[in-house]
Protein chains: 2
Amino acid sequence: MSTAEETAGGETSAWGEVTPDAARRLLIAAVEAFAERGYHATTTRDIAGRAGMSPAALYIHYKTKEELLHRISRIGHEKALDILRVAARREGTAAERLADAVSSFVRWHAGGRTTARVVQYELDSLGPDAREEILALRRQCDAEVRGIVEDGVASGEFDVLDVKGTTLAVLSLCIDVARWFNVDGPWTPDEVGALYADLVLRMVGAGK
Amino acid sequence: MSTAEETAGGETSAWGEVTPDAARRLLIAAVEAFAERGYHATTTRDIAGRAGMSPAALYIHYKTKEELLHRISRIGHEKALDILRVAARREGTAAERLADAVSSFVRWHAGGRTTARVVQYELDSLGPDAREEILALRRQCDAEVRGIVEDGVASGEFDVLDVKGTTLAVLSLCIDVARWFNVDGPWTPDEVGALYADLVLRMVGAGK
DNA sequence: GGGCAGACTAAGCGCTCGCTCACCCTCGGC
DNA sequence: GCCGAGGGTGAGCGAGCGCTTAGTCTGCCC
């Protein structure tokens, strides 16, 4: 509720649940480094340095560099799923719920671009087990959005040719915001969220 | 028109212009390796091995590993720009040209997913100079699509709130196909191209 | 104030990386 | 048949990687 949303490096949220203070600082440092240079190009020395610690300190709190990515990825996906769930299960028409889901999901990808980039684009750097765990969360995200689209089709609000394909396109559109969004660019996260909600409603033929 | 589109490793095209035969084999090997594991996780030994050569052979044809990525990126972006230019400059209404641009651009990203993945997602691995050269090509891609959208708005075919934002969303949607498309999945590149052309026409308020 | 647990560091191990170098084939011109 | 050039190789360099280990510092219970 009163969690700090901004740090020097950019956005931050919800890392409050990571409990030893040093472990949290290392995690945030890792998010920033992975987002900037990618997982494989980031060294453990770089992460530790950003957190103001020696390279060895990392291994007191995490077993491997991959465990850092795994933890970041799981927390991030849980947050993303939470956002979509809240929007999908609120009161309102399918159009209202879809617009809510898209605008809040996009706001998260734009405002939390650093985190979202790692979460969405470094999945392949995980080992098979961790990867499969994260993919399960991702399928749940897909199911939440598809549920809204199906509701809209059933109620006649939406006019959609291919529910599965359209759902995928909607999620794809939102996720890719993390790739191109620039905090110094012409839009705020709110503006992109509003624009995208409108575009998505047009995609599902919700009506005028 | 009659260029070979498929190889054992997946899709390939247009690499015919890379002239010493060994250099072309190395380039294709690099595309496959970069697409699978990412630039930084790929070793020069892996690239050379895929091309059936010793690690040292790579340095006869390319100065560094980065030069391989640079060459791949430039050729790929030139191909992408060419696709968009052909669609933008053909005869027809703005809606026809936009649908053509989207469906052919999406087909390239889906069918040539290996190449497209490298081209679209490994840009940050380039040095500043090479990166800037590629970004210039990317801005030209953006301009081609924006031109079609502006034509449609001017002629009254389209109903768009934010031309710049909508153009970005259209390109973003197409590019992200390279991230999720799976050759073993339920759709062919042609089907995704047709679905996306329909979705994009809805986004710009064409027709109906 | 002695002892001990936990957080942290300096130093460095073993390995693999991008890249180089000394050498070796093969082949066309004379 | 000898020569030179260009494409190729095996071995290995210096560097930097992920990670470990021996030891230090700090604070707290008795």
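Chain letters run A, B, ... following the sequence lines, proteins first and then strands; every chain starts at 1.
Per the geometry, OH belonging to A:Y59 stands 13 Å off P belonging to D:dT21, to the nearest Å. The distance between atom CG of A:D46 and atom P of D:dG16, rounded to the nearest whole Å, is 14 Å. Atom pair A:E67:CD and D:dC19:P shows a separation of 10 Å (rounding to whole Å applied). For the pair B:K65 NZ and C:dT20 P, the interatomic distance rounds to 14 Å; values are reported in whole Å. Between B:I60 atom CD1 and C:dA22 atom P there is a gap of 15 Å when expressed in whole angstrom units. The nearest whole Å value for the distance from the CD atom in B:E66 to the C1' atom in C:dC17 is 16 Å. In this structure, B:H40 atom NE2 and C:dT16 atom C1' are separated by 16 Å, rounded to whole Å. Per the geometry, CG belonging to B:L69 stands 15 Å off C1' belonging to C:dG18, to the nearest Å.
Between A:S125 and A:H40 the shortest side-chain heavy-atom distance falls below 4.5 Å.
Using cut-offs of 30° and 60° on the angle between ring planes, the pair A:W187 and A:W180 is perpendicular.
Each of B:A22 and B:R45 lies near DNA chain D, and the nucleotide nearest B:A22 is the one positioned closer to the 5' end. For the pair B:M53 and A:T64, both in contact range of DNA chain D, the more 5′-proximal nearest nucleotide belongs to B:M53.
Closest to the side chain of A:A57, from the set C:dT20, D:dT9, C:dT9, is C:dT9. The side chain of A:A56 has D:dT21 as its nearest neighbour among D:dT21, D:dG18, D:dG8.
Cation-pi geometry between A:K65 and A:Y39 is met: under 6.0 angstrom from the ring centre, within 45 degrees of the axis.
For the pair A:H61 and C:dC8, the criterion of a side-chain N or O lying under 4.0 Å from OP1 or OP2 is met. When the side-chain nitrogen and oxygen atoms of A:T44 are compared with OP1 and OP2 of D:dG18, one or more of them lie within a distance under 4.0 Å.
No salt bridge links B:D100 with B:R97; every basic N to acidic carboxylate O contact stays at or beyond 4.0 Å.
Within the model, atoms CG of A:L69 and CZ of A:R71 stand 12.0 Å from one another, a figure rounded to the nearest 0.5 Å.
Within 4.0 Å of A:T43, counting heavy atoms only, lie sugar-phosphate atoms of the nucleic acid but no base atom.
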